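Read through the structure below, which is laid out as structure tokens, and then see the notes.
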Amino acid sequence: MTTVTVAGVEVDTRHFIGGQRVSSAETFADHSPIDGAHLADIARGGRNEVDAAVTAARAAFPGWAATTPAQRAEIMHRIADIVERRLEELAIVETTDNGALLRSHRRGVMPRVAHNFRFFADYLINDLHHEPFETRGHTNIVSWDPAGVTALITPWNAPLMLATWKIAPALASGDTVILKPAEWTPLTASIFADITVEAGLPAGVFNLVQGYGEEAGAALVAHSGISRISFTGSVPTAKLVARAAAENLTPCSFELGGKSPTIIFDDSDLDLAVTLATEQYDNAGQVCLAGTRLLVHETIAPQFKEAFAERVSRIKQGDPRDEATDMGPQIHPEHLERIDGFVQRARESGADIVFGGNRAGADNLYYQPTLIHPRTPSDEIVCEEVFGPVLTMQTFSSDEEAVHMANGTEFGLAAVVATGDRARAERVTKQLVAGTIWVNCFFVRDLRAPFGGSRKSGVGREGGTWSFDFYSDVKNTVFSPNGWKDGAAHG
Ligand code: NAD
């Protein structure tokens, strides 16, 4: 079967290579985390499909690279138009495939998919420039040239949003693209391939290879025919990708995991602090940026904990397609096991499970929102990314101690700070190691801003000019004032 109907939407189960749908001899099964329903048997790509995709993307590259920014922007805006027209279909298929809230997909995630294309199209036209500068009368001109074929490897927690956050700047830069989405959430990427056709993107400019990470993903990142790798996923996989990329010296951008702090000072608005802490359970805790280590000033810890427990008790778990649901299931049985393993090991080691700490049902993928008082700062539950609805809470007694605890991790993706004191906010944020810091807010994202992680949370930054810097060959051309036939200095 080459197409399936998921939540009333037709989805092609094949790869998309050189403008054609392509089958594989083997398939892999895709299930819904909501009820375990079998959704599709998806083409299982490997080296052959990757080779074909690289050949197609390389063949399409000169033509796409030669288009003007205005031509690229026009097609990208058409993609955004179609995403907006098909928003409801994309939202319901994504929810069915990854279990995240339908209301978030409708109102936040899919609008952001469209915005990814509009933003980078407009940025290319209006903002991407560098003022020429002089060196002893010579003029330096900086330009961003298309780099070649970009390989994109993406995770399952926000599949289409995270893929298009990379596809859009790569296309805007004049690169051609091969996407290998996560095997637990292959569906919306396939709908996206149809959208590129309708938008008039030339064949071979966008290619999709479905399959397992160890097969299709590994073959793609090891390929000598690609010029960029942008990867979002876990640290262990990033190390494998980096090793494969090293063979060809392929430049990589890594957006990885985190164990970010949410620091709550004693001068913070308690109600706001409780809201910020509760938001760390968003998407059933499957958010890389989540501030999962609550660090609370000791003088307000008891009242914070009481108010927080009360607020969390109001979180409504259930079917993510229901508008009233606040928290859906975890993505996959394997992932649920992993989350529960962290919690049970913490329990066994003597940590205090303040609330939650168990599955929310015997035969489903729901997990209770959980809060843990660790025994020591070096406990596994404090140091390792759980990627589920599991927070830890520790107390501090001074700003210095808060900063020390916040930075006491091998990650550096984000930090959330709650304080009523602007001077304290400025002082503390300067000392925090993180790619993004939110003060008295969470998840406010502007695509002009740099996005990425410090330490093991990533390599490089994307967003605004940083995306173009990565997906392009940045070039400096120096014009001498001398040697011109017309005698006029260049400038
Ligand atoms: P993962 O590392 O297991 O998989 C990510 C992708 O890599 C998948 O498409 C997978 O198929 C592929 N892959 C696996 N092995 C591969 C290999 N050998 N070669 C090439 N590709 C391979 O991560 P996941 O479980 O899908 O996602 C969760 C992780 O992603 C968490 O650590 C989370 O924090 C992180 N994440 C980070 C960000 C960010 O922007 N920093 C955003 C979302 C998720």
Side-chain angles (χ1 to χ4, degrees), residues 28 30 42 44-47 50 97-98 100 109 112 151-166 178-186 189 208-223 226 229-247 250 252-260 280 282-292 330-332 334-339 342 384-388 409-414 434-436 443 445 447 449-463 467:
F28 64 95
D30 179 36
I42 302 287
R44 178 174 164 183
R47 189 174 306 278
V50 165
D97 208 15
N98 86 337
V109 177
R112 163 72 192 275
L152 305 178
I153 309 265
T154 49
W156 44 262
N157 63 323
L160 192 59
M161 194 279 278
L162 289 172
T164 53
W165 149 251
K166 298 172 186 300
I178 303 169
L179 170 67
K180 205 301 282 174
E183 50 269 45
W184 288 348
T185 52
L208 169 69
V209 177
Q210 301 277 19
Y212 290 118
E214 308 76 44
E215 297 174 0
L220 180 56
V221 297
H223 207 291
I226 56 173
I229 299 169
S230 181
F231 170 84
T232 301
S234 64
V235 172
T237 310
K239 289 182 184 174
L240 296 175
V241 173
R243 280 191 204 113
E247 192 58 36
T250 313
C252 295
S253 170
F254 289 131
E255 297 181 345
L256 310 178
K259 192 73 185 177
S260 301
Q280 309 312 316
D282 282 0
N283 205 16
Q286 300 167 142
V287 174
C288 56
L289 295 158
T292 51
Q330 306 306 138
I331 178 73
H332 193 275
E334 261 175 47
H335 191 59
L336 182 77
E337 280 295 326
R338 188 173 173 275
I339 293 168
F342 276 113
E384 298 284 326
E385 183 187 46
V386 177
F387 218 55
T409 164
E410 59 178 10
F411 295 104
L413 192 55
T436 302
F443 232 98
R445 285 272 295 120
L447 302 194
F451 179 81
S454 302
R455 297 176 172 162
K456 290 217 168 54
S457 287
V459 176
R461 295 289 182 272
E462 297 193 35
S467 290

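The structure displayed is predicted, hence computed values, not measured ones. We count residues from 1, following the sequence as given. One-based numbering, in listed order, for ligands and for the atoms of each.
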- Task: Determine whether more than 12 heavy atoms belonging to other residues, nucleotides or ligands lie under 6.0 Å from atom CZ of R445.
- Result: yes

- Query: Where the closest heavy atom to atom 42 (C) of ligand 1 is concerned, which of S260, S457, C288, P155 has it?
  - Reply: C288

- Donor-acceptor pair, side chain of N98 and main chain of A100, under 3.5 angstrom: yes

- Query: For ligand 1, which atoms, with element, lie under 4.0 Å from some heavy atom of T232?
  - Reply: 5 (C), 36 (N), 37 (C), 38 (C), 39 (C), 40 (O), 42 (C), 43 (C), 44 (C)

- Query: Between the candidates R243, E385, E462, E334, which shows the shortest non-hydrogen contact distance to atom 32 (O) of ligand 1?
  - Reply: E385

- For V241 and ligand 1, does the shortest N/O to N/O distance drop below 3.5 Å? no

- Message: Main chain of G211, side chain of K180: is a donor-acceptor contact present, judged purely on distance under 3.5 Å?
- Response: yes

- A student checking ligand 1 against L240 at a 4.0 Å heavy-atom cut-off should list atoms 18 (N)

- Task: Please confirm whether N157 comes within less than 3.5 Å of ligand 1 when only nitrogen or oxygen atoms on both sides are compared.
- Result: no

- Should the pair F231 and F254 be assigned to parallel (<30°), tilted (30 to 60°) or perpendicular (>60°) ring geometry? perpendicular

- ligand 1 N/O within reach of E183 N/O, cut-off under 3.5 Å: yes

- side chain to side chain contact (heavy atoms under 4.5 Å, CB included) against P155, all qualifying residues, sequence neighbours excluded: N157, L162, T232

- When distances are taken from atom 20 (C) of ligand 1, the protein heavy atom at minimum range is G217 C, 3.3 Å

- Query: Does I153 approach ligand 1 within less than 4.0 angstrom via side chain, backbone, both or neither, non-hydrogen atoms only?
  - Reply: side chain

- Query: Which protein non-hydrogen atom lies closest to atom 24 (P) of ligand 1, naming both residue and atom, and how far is it?
  - Reply: W156 NE1, 3.3 Å

- Note on the structure: min-distance protein heavy atom vs atom 28 (C) of ligand 1 -> F387 CE2, 3.6 Å

- Indicate yes or no for a side-chain donor-acceptor contact from E462 to the backbone of S467 under 3.5 Å, with no hydrogens or angles considered. no

- Task: Among all protein heavy atoms, pick the one closest to atom 4 (O) of ligand 1 and tell me residue, atom and distance.
- Result: T237 OG1, 4.4 Å

- Which of the ligand 1 atoms, numbered from 1, are nearer than 4.0 Å to a heavy atom of L256: 34 (O), 37 (C), 38 (C), 39 (C), 41 (N)

- Name the closest protein heavy atom to atom 35 (C) of ligand 1, giving the residue it belongs to and the distance to 0.1 Å. G233 O, 3.2 Å

- Message: Quick check on contacts: which atoms of ligand 1 are under 4.0 angstrom from a heavy atom of E255?
- Response: 37 (C), 38 (C), 39 (C), 40 (O), 41 (N)

- Exercise: do K259 and T409 side chains pair donor with acceptor under 3.5 Å: no

- Item | 4.0 Å heavy-atom contact, G458 with ligand 1 | no

- Message: Checking the side chain of E183 only, and the main-chain atoms of G213 only, is there a donor and an acceptor separated by less than 3.5 Å?
- Response: yes

- Item | Q280 side chain to G291 backbone, donor-acceptor under 3.5 Å | yes

- Message: Please work out, at 4.0 Å between heavy atoms, whether the side chain, the backbone, both, or neither of L162 comes within that distance of ligand 1.
- Response: side chain

- Numbered atoms and elements of ligand 1 in range of G257, under 4.0 angstrom, heavy atoms: 32 (O), 34 (O)

- Side chain or backbone of F451 under 4.0 Å from ligand 1, or both, or neither, by non-hydrogen atoms? side chain

- Task: Would you confirm whether H335, through its side chain, and F387, through its main-chain N or O, come within 3.5 Å as a donor-acceptor pair?
- Result: yes

- Using distance alone, determine whether G211 and ligand 1 share an N or O pair under 3.5 Å. no

- Item | Nearest candidate to atom 23 (O) of ligand 1, where distance is taken over non-hydrogen atoms, out of A222, S234, P236 | S234

- Note on the structure: of all protein heavy atoms, closest to atom 17 (C) of ligand 1 is G213 O, 3.4 Å

- Query: For A244, what residues pass the side chain to side chain contact (heavy atoms under 4.5 Å, CB included) criterion, not counting sequence neighbours?
  - Reply: V221, A222

- Looking at atom 8 (C) of ligand 1, what's its closest protein heavy atom, distance included? T154 O, 3.4 Å

- Query: Just by modelled atom types, is the A284 backbone N or O under 3.5 Å from a matching donor or acceptor in the Q330 side chain?
  - Reply: yes

- Task: Answer yes or no: is there a donor N or O on one side and an acceptor on the other, between the side chain of S457 and the main chain of L256, under 3.5 Å?
- Result: no

- Task: State whether a side-chain donor-acceptor pair under 3.5 Å links W165 with E255.
- Result: yes

